[in-house]
Asks: 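I am attaching a structure below and will ask some questions about it afterwards.
Just so you know, these numbers come straight off a predicted model, no measurement behind them.
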Amino acid sequence: MNAITIKTVTTVDTGETIDGVTVLGDYHMNGGYDWMELIGEHGWGVIPSWGSDGWDLGQWPYVMVAGIRTADGIGNLFGMATYCEGDVTCTFYRTKARFWEAISEQAFYHWKNGQAQGPADLPEAAAELPSRYRIPSMYHEAA
């Protein structure tokens with residue numbers, strides 16, 4: 001798969017099919033910093049931190065989470081891509097709330113598994129995260 005393609009996607013939260021969306025795919029040509037630069041040329045941005053205190057989101061340049069806010073004729077469209085040593089997964093959401101929830105789930109996973117520095121008082125499951133851990137950091141508003 002190409003690192004950047006235009007495809008038809010189905011939103012995770014509403015099940016809508018949307019044509020002509022910029023989708024990120026696997027990137028094994030160079031490293032994570034090169035991927036970050038490439039996706040930036042297409043409107044995507046890597047989210048460096050998450051939660052009220054700006055805890056790490058991923059472990060650069062090996063693990064990163066990127067986002068984009070775009071729109072179609074119906075309204076806003078939010079994309080999230082996860083990068084793990086060149087393997088990329090890309091999902092789209094119609095609502096900002098569900099987009100933020102997806103990012104929060106990624107943050108929890110990386111914090112819980114010691115792949116990123118996060119809060120010391122993590123609950124057992126992502127669904128139990130306090131609201132202060134489910135928002136963009138004050139240093140970076142994600143889309």
Asks: Can you confirm whether Thr11 sits close enough to Arg98 that some side-chain heavy atom of one is under 4.5 Å from a side-chain heavy atom of the other?
Replies: no
Asks: Is any side-chain heavy atom of Val21 closer than 4.5 Å to one of Leu77?
Replies: yes
Asks: For Arg134 and Gly51, indicate whether the former's side chain and the latter's backbone hold a donor-acceptor pair under 3.5 Å.
Replies: no
Asks: Are Ile68 and Leu38 grouped together when hydrophobic residues (ILVMFWY) are joined by side-chain heavy atoms under 4.5 angstrom apart?
Replies: yes
Asks: Tell me every residue that passes ring pair (Phe, Tyr, Trp, His ring centres under 6.0 Å) with Tyr83, counting only those two or more places apart in sequence or in another chain.
Replies: Trp35
Asks: Clusters formed by hydrophobic residues whose side-chain heavy atoms approach within less than 4.5 Å: which one holds Ile6, and what are its other members?
Replies: none
Asks: Go through it in stages, so that I can follow the logic: the residues are Ser137 and Trp55, the test is side-chain hydrogen bond (donor to acceptor under 3.5 Å, both in side chains), and I'd like the CA-CA distance, side-chain angles, deciding distance and then a yes or no.
Replies: CA-CA 8 Å; Ser137 74; Trp55 293 285; over 6 Å; no
Asks: Minimum heavy-atom separation for Phe99 and Gly67, please, with both atom names.
Replies: CZ-CA, 4.1 Å
Asks: How long is the straight-line distance from CD of Gln106 back to SG of Cys84, given to the nearest 0.5 Å?
Replies: 9.5 Å
Asks: Going by heavy atoms in the side chains, are Val88 and Met64 under 4.5 Å from each other?
Replies: no
Asks: Any pair with a residue in residues 106-130 that passes salt bridge (charged side-chain N to carboxylate O under 4.0 Å, His left out), sequence neighbours left out, goes on the list, sorted by first then second residue, please.
Replies: Lys112-Glu124, Asp121-Arg132
Asks: Do Leu122 and Leu129 come close enough that some side-chain heavy atom pair is under 4.5 Å?
Replies: yes
Asks: Hey, are Lys96 and Asp13 close enough for a salt bridge, meaning a charged N less than 4.0 Å from a carboxylate O?
Replies: no
Asks: Considering only heavy atoms from C-beta outward, does the side chain of Trp100 approach that of Pro136 to under 4.5 Å?
Replies: yes
Asks: So do the side chains of Ile103 and Met80 get within less than 4.5 Å of each other, counting heavy atoms only?
Replies: yes
Asks: Membership question, hydrophobic clusters at under 4.5 Å side-chain separation (ILVMFWY): are Tyr62 and Met36 in the same one?
Replies: no
Asks: Within this structure, what is the CG-CH2 distance for the pair Asp56 and Trp50, rounded to the nearest 0.5 Å?
Replies: 14.0 Å
Asks: Quick one: does Glu101's side chain get under 4.5 Å of Tyr93's, heavy atoms only?
Replies: no
Asks: Can you see which heavy atom on Pro123 is nearest to which on Phe108, and at what distance?
Replies: O-CE1, 3.5 Å
Asks: For Ser104 and Tyr133, work out which heavy atoms get closest and say how close.
Replies: OG-O, 4.0 Å
Asks: Would Val12 and Ile74 show up in the same hydrophobic cluster when neighbours are defined by side-chain heavy atoms closer than 4.5 Å?
Replies: no
Asks: Could you tell me the separation between the OG1 atom of Thr14 and the CZ atom of Phe92, rounded to the nearest 0.5 Å?
Replies: 12.5 Å
Asks: Group every Ile, Leu, Val, Met, Phe, Trp and Tyr by side-chain heavy-atom contacts under 4.5 Å, then state whether Met29 and Trp44 land in the same group.
Replies: yes
Asks: With a 4.5 Å cut-off on side-chain heavy-atom distances among I, L, V, M, F, W and Y, is there a chain of contacts connecting Ile39 to Val23?
Replies: yes
Asks: Considering only heavy atoms from C-beta outward, does the side chain of Leu24 approach that of Ile4 to under 4.5 Å?
Replies: yes
Asks: Within a reach of under 6.0 Å around CD of Glu16, are more than 12 heavy atoms found that belong to other residues, nucleotides or ligands?
Replies: yes
Asks: Which atom pair, heavy atoms only, marks the closest approach of Trp60 to Val46?
Replies: CZ2-CG1, 3.3 Å
